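To start, the structure itself, in structure tokens.
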Amino acid sequence: MSAETTPTTARAAEAPAGASIHDIGYRHYDGERHGRAYVRRSLYVQSLRGAFGIGRSARSKVLPILLLTFMCVPAVIIVAIAVFTDAHSLVAKPTNLVIGAMPLIGLFVAAVAPQLVSRDLRFNTMPLYLSRPMERSDYVAAKFAAMATAVAVFTGLPLLVMFLGGLLGKLKFADQARSFAFGLVLVALFSLLHAGIGLLVASVTPRRGFGVGAIIAVLTIPYFAVNMLMGILWYNDRQGPVEWLGLLSPGTLMSGVQSKYLDGTSDFPGEIVVSDVAGAVYLLVTALLIAGSYALLNVRYRRAGL
Amino acid sequence: MTVIATERLSKRYPRVTALDRLDLGIKPGVTGLVGANGAGKSTLIKILLGLAPATEGNASVLGMDVRTEGPRIRERVGYMPEHDCLPPDVSATEFVVHMARMAGLPPTAARERTADTLRHVGLHEERYRPMGGYSTGMKQRVKLAQALVHDPQLVFLDEPTNGLDPVGRDDMLGLIRRVHTDFGISVLVTSHLLGELERTCDHVVIIDGGKLLRSSATADFTQATAALAVEVTDSDDHPDGTAALREALLAAGLRVESGGPGTQTLPGAGRIVLVDAADELTHDVVRDTVAELGLGLVRMEQRRHRIAEVFQTPADAPQAPKGGGTDVR
Ligand SMILES: Nc1ncnc2c1ncn2[C@@H]1O[C@H](COP(=O)(O)OP(=O)(O)OP(=O)(O)O)[C@@H](O)[C@H]1O
Ligand SMILES: [Mg+2]
């Protein structure tokens with residue numbers, strides 16, 4: 001770390017007599033000044049740590065740790081069952097775990113996204129960021145990446161527990177690796193989608209309380225509405241539109257994708273798996289939502305801080 | 001060398017023209033940017049930082065074009081906004097370290113520079129406490145520290161004395177002076193009070209409605225705007241003492257500005273003769289003239305023009321309120 005010591009040049013100017021608190025003269029900084037890439041990376045790391053309460057008050061660590069514990073308990077139980085019953089496979093797939101934990105993940109997104117973006121808007125800190133070498137797009141990129149990574153770590157950790165537990169339980173490695181890989185693909189899609197939606201909502205609701213509520217609303221209300229409608233249509237023998245309804249909420253969108261492409265179990269009525277055409281549309285909508293929310297976030301920040 | 005240069009710089013919003021073909025050439029040192037609310041001070045700073053595009057015209061900072069070299073400019077300048085900008089739940093140290101890294105400083109350097117800079121702005125034990133509990137004076141110091149932490153060549157300070165009491169204001173102004181004299185950093189500082197910048201700045205730029213009203217060295221400025229307000233009694237020889245004095249002073253070769261249109265409506269204003277105090281001798285000349293005329297001197301006081309007067313043409317300038325002191329607010 002020797003490269004990080006601060007080269008300074010002492011200044012000739014002496015502090016005026018009597019000014020004892022200022023008795024050490026001003027020193028100029030001649031050391032390294034990194035560019036935008038470093039700034040982006042620093043903001044990313046700081047935001048990611050902040051998402052889990054690292055480097056913040058003890059109180060802000062409580063919720064992330066609590067939620068993470070809840071996330072991992074089912075994975076531990078699943079592994080324990082496999083180990084103690086000498087089973088040849090786990091009772092649930094990693095993808096099941098992700099879809100089943102959706103409410104918890106929603107809570108995490110609702111807690112973290114306002115922490116990452118609303119504070120800088122509410123306390124008017126944006127002008128300070130923007131008066132530095134970074135551009136608005138750097139700020140958005142760093143925050144988006146941090147949010148997506150935070151959700152991925154949060155969602156992926158129980159999957160890792162399951163994978164490692166499965167190996168300890170002497171389950172077949174190839175099977176385990178395969179389902180773990182599918183799980184990770186879902187985690188990646190899920191994280192990008194929820195990072196985009198969460199940050200976008202948080203960035204237009206600078207008041208923290210509103211942000212939390214708005215994100216929970218956006219993630220859960222359409223999800224439950226879609227599920228209810230799907231159920232109603234299914235039991236009334238109108239199965240045609242069911243697969244298309246899934247496009248209308250982020251949760252059902254992910255659910256449709258994983259059952260179609262990632263060897264997941266469907267939680268749609270009748271455990272239906274969407275058709276090829278619908279599946280392609282699901283992927284397209286997912287991509288559009290991710291790209292769209294990122295683009296809108298950039299639009300949102302074009303005028304912020306002025 | 002010129003640190004800031006603008007050429008026909010304009011910024012038009014749908015309803016208002018914030019800057020109107022502004023031509024500026026600012027040299028190293030402490031420069032005051034003075035103007036009433038809405039004069040365009042903050043707008044100018046945002047354009048110079050490359051944060052807002054100008055509608056027309058050019059500007060350069062430290063020799064770099066604001067349009068194309070914004071990031072490089074921002075690497076070398078610091079900015080203290082006029083508004084509150086500090087999150088209440090982190091300490092000054094944490095915050096300034098973070099801002100130093102956002103300016104591109106490596107982690108160790110960021111910590112060292114933060115400790116140095118907070119000490120220089122006079123923030124001591126408090127720096128480990130959350131900023132939510134800080135007084136306005138302490139918050140202003142942190143805002144200044146984050147603008148200086150990366151050792152810029154130039155800082156923009158937007159109304160740094162805002163909300164401070166007289167003592168805090170003097171401290172802040174002293175600190176700003178030191179930023180140039182001790183740290184060797186050029187300063188552009190805005191205010192709507194001409195008076196408070198007179199002591200701090202080498203050069204003062206006054207803008208109004210986005211237009212350049214005046215740009216000159218502070219010394220020229222105070223001299224040109226210093227005036228003597230003289231009020232005399234009438235006597236039997238001179239039933240209108242004020243008029244007689246004015247004539248006599250004009251005859252003595254002094255510049256006298258009284259009785260302009262509109263001033264008569266102010267109670268007592270017609271009785272005040274305002275004399276341009278070009279040098280110390282003016283004082284003696286006026287006193288002697290009053291004595292020769294045999295008039296009674298009600299008062300003679302040094303007065304600086306109020307900022308509003310600077311904005312007016314000389315013809316209707318002397319609207320100084322009766323009994324106004326030397327405060328220029
Ligand atoms: N984003 C904006 N949209 C429209 N008008 C604006 C905008 N920003 C500033 N203005 C207008 O431009 C003019 C100059 O504003 P500016 O903030 O630069 O003034 P100022 O000299 O800093 O004033 P103050 O002393 O109040 O800070 C004002 O009339 C203001 O209303
Ligand atoms: Mg302003």
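Side-chain atoms are counted along with the backbone in the values below, which use heavy atoms only and exclude waters and symmetry mates. This structure is a prediction, so every number in the text was calculated from the model and none was measured.
Under the 4.0 Å criterion applied to side-chain N and carboxylate O atoms, B:Arg74 and A:Glu135 are assigned as salt-bridge partners.
If you measure heavy-atom distances from B:His98 to chain A, the contacts under 4.5 Å come from the side chain alone. Residue contact with chain A, scored on non-hydrogen atoms closer than 4.5 Å, is absent for B:Leu48. Neither the backbone nor the side chain of B:Phe156 has a heavy atom closer than 4.5 Å to any heavy atom of chain A. Heavy atoms of B:Arg72 lying under 4.5 Å from chain A are absent altogether. In this structure, chain A has a heavy atom under 4.5 Å from the side chain of B:Val149, while its backbone stays farther away. The part of B:Ile185 that comes within reach of chain A is its side chain, from C-beta onward, which places non-hydrogen atoms under 4.5 angstrom from that chain. In this structure, the portion of A:Arg119 lying under 4.5 Å from any heavy atom of chain B is its side chain and not its backbone. Both the backbone and the side chain of B:Leu105 come within less than 4.5 Å of a heavy atom in chain A.
A distance of 6.0 Å separates CZ of A:Arg136 from CG of B:Leu51, quoted to the nearest 0.5 Å.
Minimum interatomic distance between B:Pro106 and A:Tyr38 (heavy atoms only, all atoms of both residues): CA-OH, 3.3 Å.
A donor-acceptor pair under 3.5 Å is formed between the side chain of A:Thr125 and the backbone N or O of B:Cys85. A donor-acceptor pair under 3.5 Å links the side-chain atoms of B:Asp151 to the main chain of A:Tyr29, judged by distance alone.
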